[in-house]
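FYI, side chains are in, hydrogens and waters are out, and symmetry mates aren't considered; it's all heavy atoms of this structure.
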2 protein chains.
Amino acid sequence: MGTTELDQQPEPKYRHLKAVLSRALDTEFSVGQALPNERELAARFGVARATLRQALDQLELEGRLQRRRGVGTTVAPPRVGVDVSPRQHTWPGAPGDTWVAGDSVTTAPPPAVARALDVPADEPVEVVHRTLVAHGQPVAAEQLYIASAALPAGGGPRPAPGAERARAILARLQRLEAGGQDRAVELGSAGSEDARRLDRLPGSPVLIVTTRYAAAGRTVAVGVSTYRADTCRLTFGNQAPLSLSAS
Amino acid sequence: MGTTELDQQPEPKYRHLKAVLSRALDTEFSVGQALPNERELAARFGVARATLRQALDQLELEGRLQRRRGVGTTVAPPRVGVDVSPRQHTWPGAPGDTWVAGDSVTTAPPPAVARALDVPADEPVEVVHRTLVAHGQPVAAEQLYIASAALPAGGGPRPAPGAERARAILARLQRLEAGGQDRAVELGSAGSEDARRLDRLPGSPVLIVTTRYAAAGRTVAVGVSTYRADTCRLTFGNQAPLSLSAS
DNA sequence: CAGTGGTCTAGACCACACC
DNA sequence: GTGTGGTCTAGACCACTGA
C-alpha cells in the first residue's frame, strides 16, 4: 500500500493534478508565495480552467492554499491551533477569555436553540455576538444565546444594544454558579453574515462548535461558534498536538 | 435582521438556488426521499447543470443531501452524534470501545507522526487500522500508530499481520498505565484508502481527529481518525447537544 | 440495458483589489 | 484602467448501479 497506486480505472485528471500541485507546494514553494494565476496554470497543465479549479478547491479545503478574489492564490501557512477545551467551571467572558464582544441584541433564537434553552420558539433571548482573532486574522464568529430569565438582574441601568451591553451581559453571567458544558463539532458552510465577519465568501467551509452551558441542572446558554475551516485546527486538551492533513 | 437580505450586489444564482432547495427540503421532502435527477432539476430551475451542482455540493457538505453515483440524490437523515470525549484513563481498545480492529502492520509512519512519537523518521512502528460503524454505516476510519519500544512484550508467539494481531497489540497496550490524551480536530479530504473504507469518493470532506496518548510523560501512541463530515457530528461531553447547521 | 451522478471542455462575463 | 478569482453556460463523455 502507501503510494503504490495501481488503480485499475484511470485516476481523474483533477486528482492527478492535485497530487502534482501538492508535491510542488512542498518542494518548490514557500509559505506566502504566490502561485501563477489560474488561466496560466490551466494552460501549463493542459486542462480546462474548471478542472484546475477542482484541484485547487480541494487544496484550499485542506488548508494548503489561500485564494482571494482580485488578488491571487498563495501558499497558506500551517493551520492555527485554537483551544476549545471545556473549562468546566467558567462562563464565556471569564478572565482569560480572548473572545471580543461585539454587539448584543435580544431576539428570538433559532428553533434548535430555543429547544435547548427550553423556552418557547418565539421567546426573545439575549444574544451576544463575539469574534475571535488570532495572528491578526479573524478566525471565528460566535453567537451566544442566553435565556433572559436565567440571568441575574443587572446592577445599573440597562445599556442600549451594542458592545457595552454585550460586556454587561457577560458580566452578569459570571455571577451564576457554572454547572458544566458539553460541545459538538460539525462541518457547515458560512452564512452570509458569518462569512462577512470571517472575511470569507458565503458558503466557505466552517467548523461549527455548539456549546451548551448548564447551571443548576438547566441549560442557561448556548454558544454557536463558527471557525474558519481553512485556517483553524481545534484543539482539546492541555497542549497543541501535531498538525496533520489527509491523503 | 435574519433573512432581511437586502444585498446591494445580486446574489449568485447558485446561492439563491440553494436557499430555494433548502426550503423545499424542509417543507416538501422527508428523510430518505429521492430528489429529481440533476438534469431534470437544472431544467426546472432554468440553469446549467454545473450551477445546480454548485448548490447541491453545498447542501451535501452541510449534511442535508446524500448523493450516490449511479443511484441518485436523497434527503439525508440528521447527522449521527459520535462521542469523542477524552476518557483520560483508558487506551484505545479498552472495554466499551466500539471501534472494530481490522488489520495491523509495522511500517514507517508519516513524518508528523514520527515527530510526535519521537522516533526517527524511517523507524517502523506498529500500525493498527480500525473502523467505527454507526447505524450500519461506516462513519470513521482510524490509524493508530504505536511506538514499538513502548509496548510491553507480548505473551505468546507473534501472530502474523492481520486482525488477530491488531487485537493482540491493543491488548498489550492495556497493560500500560495511561497518562493522558489530547486531541485536535480539523477539516481534510479523504485519501483514496480512507475513501474506500468510508464508502465515499476520494476527496470527500472529512473531519480528522488527531489524538496523542501519553504514558510516563511520553507520547506512546498517536491516533488519526477520519470521520465522514457529511454524516457525523463529533460530541464532547456527557450528553449529545443539539444539532445545528450554518446560515 | 437505461438512468444516475462524476468528470471535463472552451468558452464567456462578473465582482473585486490594486494601481 | 489591468489582472485576479468567482460565476455561468451548453454541451460531451465516463463510471457506476440496478433492473
Side-chain angles (χ1 to χ4, degrees), chain A residues 7-19 21 32-61 64-76 189-190 192 195-196 199-205 230, chain B residues 7-19 21 32-61 64-76 189-190 192 195-196 199-205 230:
Chain A
D7 286 347
Q8 286 293 74
Q9 49 283 39
E11 192 179 39
K13 277 191 186 177
Y14 80 93
R15 212 128 61 72
H16 180 243
L17 205 48
K18 181 188 164 191
L21 287 168
Q33 189 176 350
L35 269 66
N37 72 55
E38 297 185 351
R39 289 160 182 89
E40 159 83 25
L41 277 177
R44 190 179 300 184
F45 288 106
V47 300
R49 193 176 153 218
T51 304
L52 171 79
R53 278 180 62 81
Q54 242 182 308
L56 295 183
D57 283 347
Q58 287 198 10
L59 289 169
E60 191 183 23
L61 191 82
R64 312 271 322 260
L65 292 179
Q66 195 162 344
R67 292 195 281 184
R68 273 182 304 164
R69 165 151 56 174
V71 179
T73 302
T74 55
V75 180
S189 57
S192 39
R196 204 176 43 71
D199 190 27
R200 298 253 58 199
L201 288 179
S204 307
D230 57 342
Chain B
D7 286 347
Q8 286 293 71
Q9 50 280 39
E11 192 180 39
K13 279 191 186 178
Y14 80 92
R15 211 127 62 70
H16 180 245
L17 206 46
K18 181 188 163 192
L21 287 168
Q33 189 176 350
L35 268 65
N37 72 55
E38 297 185 350
R39 290 159 181 90
E40 159 83 23
L41 276 177
R44 190 179 301 185
F45 288 106
V47 299
R49 194 177 152 215
T51 304
L52 172 78
R53 279 179 61 82
Q54 240 181 308
L56 294 184
D57 283 347
Q58 286 200 8
L59 289 170
E60 191 182 23
L61 190 83
R64 311 272 321 260
L65 292 180
Q66 196 164 342
R67 291 195 281 184
R68 275 183 304 164
R69 164 153 55 175
V71 179
T73 302
T74 54
V75 180
S189 56
S192 38
R196 204 176 44 70
D199 189 26
R200 297 253 59 198
L201 288 179
S204 307
D230 56 342

Check the distance between C/dC14's P and B/R15's CZ and give it to me in whole angstrom. 18 Å

Over how many whole Å does the gap from A/L56 atom CG to D/dG6 atom C1' extend? 13 Å

Let me confirm one number: the CZ-OG distance from B/R200 to B/S192, rounded to the nearest 0.5 Å. 15.0 Å

Answer yes or no: is there an ion pair linking B/E60 with B/R64, defined by an N-O contact shorter than 4.0 Å? no

The single option from A/T74, A/L35, A/D57, A/D230 that satisfies side chain to side chain contact (heavy atoms under 4.5 Å, CB included) with A/R67 is A/D57

State which of C/dT9, C/dT7, D/dT9 makes the closest approach to the side chain of A/A48. C/dT9

Specify the residue among B/G72 and A/G46 whose closest nucleotide of DNA chain C lies further upstream toward the 5′ end. B/G72

Taking only side-chain N and O atoms of A/T73, does any of them lie within less than 4.0 angstrom of OP1 or OP2 on D/dT4? no

Candidate nucleotides C/dC8, C/dC18, D/dT7, ranked by approach to the side chain of A/P12 - the nearest: C/dC8

Interatomic distance, B/L52 CG vs D/dT7 C1' [rounded to whole Å]: 14 Å

Nearest-angstrom distance from the residue atom CZ of B/F45 to C1' of D/dA10: 19 Å

Rounded to whole Å, how long is the line connecting atom CZ of A/R49 with atom C1' of D/dT9? 14 Å

Looking only at side-chain N and O atoms, does A/R68 come under 4.0 Å of OP1 or OP2 in D/dT4? no

Can you tell me which nucleotide in C/dG6, C/dC8, C/dA17 comes closest to the side chain of A/K13? C/dC8

Whole-Å gap separating C1' (D/dC14) and CZ (B/R39): 11 Å

Only one of A/L56, A/V47, A/L41 clears side chain to side chain contact (heavy atoms under 4.5 Å, CB included) with A/L17; which? A/V47

What's the closest nucleotide to the A/R69 side chain, out of D/dG18, C/dC16, D/dC8? C/dC16

Between P of D/dC16 and CZ of B/R196, the distance in whole Å: 14 Å

Within less than 4.0 Å of OP1 or OP2 of C/dG3, is there a side-chain N or O belonging to B/N37? no

C/dG6 P sits how many Å from B/D57 CG, rounded? 8 Å

Looking at B/R53, I'd like to know whether one of its side-chain N or O atoms comes within less than 4.0 Å of OP1 or OP2 on C/dG6. yes

To the nearest 0.5 Å, how far apart are NZ in A/K18 and CG in A/L52? 13.5 Å

